[in-house]
J.: 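Here's a structure for you.
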Amino acid sequence: MEKPIYLKDSEDAKLFNELRKKVNQRIEAIPGNRDIYIQIKAIILPLVYFGLYVFALFSNENQWVYISSFVLMGISLVLIYLNLIHEAAHNNIYKNKKLNGFVLQIFDFVGANSYIWKKRHIASHHAYPNVDGWDTDIEQSGLLLIIPWIKAKGIQKYQHFFFFLVYPLYLFNWMFIRDFRDFFDNERVILKTQGTIPIIEKVKMVSYKLFYFFYQIAVPVLFFKVSLGLAFGAWFLQVISASIFALFVLLPLHPLPDNAFPKLDEKNGLPFSWLHHQFEVTNDLQENNWFVRNILGNFNFHVAHHLFPNYSYLYYNEITEEIEKFAKEHNLAYKRFPIFTALGKHIDLLKQNANNAYFILEE
């Protein structure tokens, strides 16, 4: 299938070259290599996750300590994703691609799949953010409707009443359904961008999944005399807490009513140039403090990531300053909201879509 084509605009190409030059000069003026801090995290964060696991096993006589340890594993799982997995996919942790690939494989040990996720993220989400049928991050599940110009059907008309019950199941869907469908369902978006998936990757995916459930549930029950109910319950709460934390960080960045969901024309063309597209479909968050910068991987500055994914998040403060100034000078649609305002806007999007507001306005 022919891939979407961005609107060709020579002026926008010149604009981006100008912005890229400003950003490169700004980064080159920064002394030292900040990425060493991510390299340190690449050791510490996995140790925290698996350290909590070992601590839980040897503290199993106290069920609340066991459960709390697994919940904290869920939180550390998200931190591993934000700080390591995401950067490793863009080869931003080490200069050596093999070392980045090694870090990326941590994802396989915590219930996901590094191979298909990288394909989703690079070849789908970064290539065509917010484009229906091409961005896997907005691929429709049937329960919730994210795209405004698709008419709500059935249960989607009530999604703003029950979404809070669905979102905590985000990672369950990822582990049990999404990964398998992306590997084996020819109707999925990823196969448009990825093509044939090697058999060895399918075998590795299933093998890692089995190993994950073996050490998460079977090992505590078989070797540490943890009851099946406690083992399953603690793991369940781990994934619930990780799902809520992950969506708390990720939802406010693209699926808002203020951001565009560009439609393809009859020739598979997009309405914006690549530069304008990134501004139209992405927003930043207002929060900018030590916790956001150092713990959450600077996900608050998401426009910088989409425009300059070759730089790690440790440079997003300076890059965003250049972007914001440049956007004002050239009337680009740069948007930035407080996190709770952005989360509220996401709920507004769900309400609007449930009520078919787009079609009412069209009429």
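Computation of the quantities below employed the complete heavy-atom set of this structure, encompassing side-chain atoms and omitting hydrogens, waters and symmetry-equivalent molecules.
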J.: Within the distance-only criterion (no hydrogens, no angle test), does the side chain of E139 pair as donor or acceptor with the backbone N or O of V189 below 3.5 angstrom?
T.: yes
J.: Hey, do the aromatic rings of F308 and Y315 have their centres closer than 6.0 Å?
T.: no
J.: Would you call E11 and K14 a salt bridge, using N to O less than 4.0 angstrom?
T.: yes
J.: Under 4.0 Å between a Lys/Arg side-chain N and an Asp/Glu carboxylate O for E187 and R181?
T.: no
J.: Please tell me whether F164 and Y167 form a close aromatic pair, meaning their ring centres lie under 6.0 Å apart.
T.: no
J.: Any non-hydrogen side-chain atom of Y37 less than 4.5 Å from a side-chain atom of S312?
T.: no
J.: Does atom CG of N310 have more than 12 heavy-atom neighbours from other groups under 6.0 Å away?
T.: yes
J.: Answer yes or no: is there a donor N or O on one side and an acceptor on the other, between the side chain of H277 and the main chain of P129, under 3.5 Å?
T.: yes
J.: For K351, look at atom NZ and say whether over 12 heavy atoms of other residues, nucleotides or ligands are found less than 6.0 Å away.
T.: no
J.: Does A260 offer a backbone N or O that forms a donor-acceptor pair with the side chain of N130 under 3.5 Å?
T.: yes
J.: A side-chain contact here means heavy atoms from C-beta on lying under 4.5 Å apart; do H346 and P252 qualify?
T.: no
J.: Can you list the steps and then say if L45 with Y49 is a side-chain contact (heavy atoms from CB on, under 4.5 Å)?
T.: CA-CA 6 Å; L45 288 176; Y49 181 86; over 6 Å; no
J.: Under 6.0 Å from the OH atom of Y215, do we count more than 12 heavy atoms belonging to anything else shown?
T.: yes
J.: Is there a donor-acceptor contact under 3.5 Å linking the side chains of Y81 and H86?
T.: no
J.: For ring pair (Phe, Tyr, Trp, His ring centres under 6.0 Å), just list the numbers for W117 and F107, CA-CA rounded to whole Å, side-chain angles, deciding distance to a tenth of an Å, and then say yes or no.
T.: CA-CA 9 Å; W117 180 80; F107 224 23; 5.8 Å; yes
J.: Would F213 and F176 count as a close aromatic pair, with their ring centres under 6.0 Å?
T.: yes
J.: Does the ring center of Y66 lie less than 6.0 Å from the ring center of F70?
T.: yes
J.: Output the distance between atom CG (D258) and atom OG1 (T282), rounded to the nearest 0.5 Å.
T.: 12.5 Å
J.: Is a donor on one side and an acceptor on the other found under 3.5 Å between the side chain of Q159 and the backbone of L350?
T.: yes
J.: I'd like to know if E322 and K22 make a salt bridge, using a cut-off of under 4.0 Å between side-chain N and carboxylate O.
T.: no
J.: With a distance cut-off below 6.0 Å to the six-membered ring centre and an angular limit of 45° from the axis, does K3 pair with Y128 as a cation-pi contact?
T.: no
J.: With distance as the sole criterion, is a donor-acceptor pair present between the side chains of H276 and D12 under 3.5 Å?
T.: yes
J.: Do the charged groups of K267 and E2 touch, with an N to O distance under 4.0 Å?
T.: no
J.: Are any non-hydrogen side-chain atoms of I138 and I147 less than 4.5 angstrom apart?
T.: yes
J.: Determine whether the aromatic ring centres of Y313 and F301 lie less than 6.0 Å apart.
T.: no
J.: What's the separation between atom OG in S243 and atom CZ in F248, rounded to the nearest 0.5 Å?
T.: 15.0 Å
J.: For R120, check side-chain hydrogen bond (donor to acceptor under 3.5 Å, both in side chains) against everything at least two apart and list the hits.
T.: D179, D182
J.: Any chance you could lay out the side-chain contact (heavy atoms from CB on, under 4.5 Å) test for F16 and D9, step after step, and finish with the verdict?
T.: CA-CA 11 Å; F16 181 65; D9 189 319; over 6 Å; no
J.: Sequence neighbours left out, what passes side-chain hydrogen bond (donor to acceptor under 3.5 Å, both in side chains) with H302? Give chain and number order.
T.: H254, H306
J.: Given 3.5 Å as the limit, does a donor-acceptor pair link the side chain of E287 with the main chain of I339, or not?
T.: yes
J.: Is the shortest side-chain heavy-atom distance between N300 and Y316 below 4.5 Å?
T.: no
J.: Below 4.0 angstrom, N of the basic side chain to O of the carboxylate: do K204 and D108 qualify?
T.: no
J.: Compute whether any side-chain donor of one residue and acceptor of the other, for N259 and N283, lie under 3.5 angstrom apart.
T.: yes
J.: Does any N or O in the side chain of N17 come within less than 3.5 Å of the main-chain N or O of A13, such that one atom is a donor and the other an acceptor?
T.: yes
J.: Any heavy-atom pair between the side chains of F55 and S69 that's under 4.5 Å?
T.: yes
J.: Assess whether salt bridge (Lys or Arg N to Asp or Glu O under 4.0 Å) is satisfied between E318 and R34, documenting all intermediate values.
T.: CA-CA 13 Å; E318 289 84 356; R34 292 180 179 176; 2.8 Å; yes
J.: For F279 and F272, I'd like to know if the aromatic rings sit close, meaning centre-to-centre distance below 6.0 Å.
T.: no
J.: Under a plain distance cut-off of 3.5 Å, with no hydrogens placed, do N83 and K41 share a side-chain donor-acceptor pair?
T.: yes
J.: Is it the case that the side chain of S124 and the backbone of T136 share a donor-acceptor pair, with hydrogens and angles ignored and the cut-off at 3.5 Å?
T.: yes
J.: Do R178 and W174 meet the cation-pi criteria used here (NZ or CZ under 6.0 Å from the six-membered ring centre, within 45° of the axis)?
T.: yes
J.: Check for a donor-acceptor pair, side chain of Q156 on one end and backbone N or O of K153 on the other, with a separation under 3.5 Å.
T.: yes
J.: Just checking, is any N or O donor in the side chain of D284 or Y334 under 3.5 Å from an acceptor N or O on the other one?
T.: yes
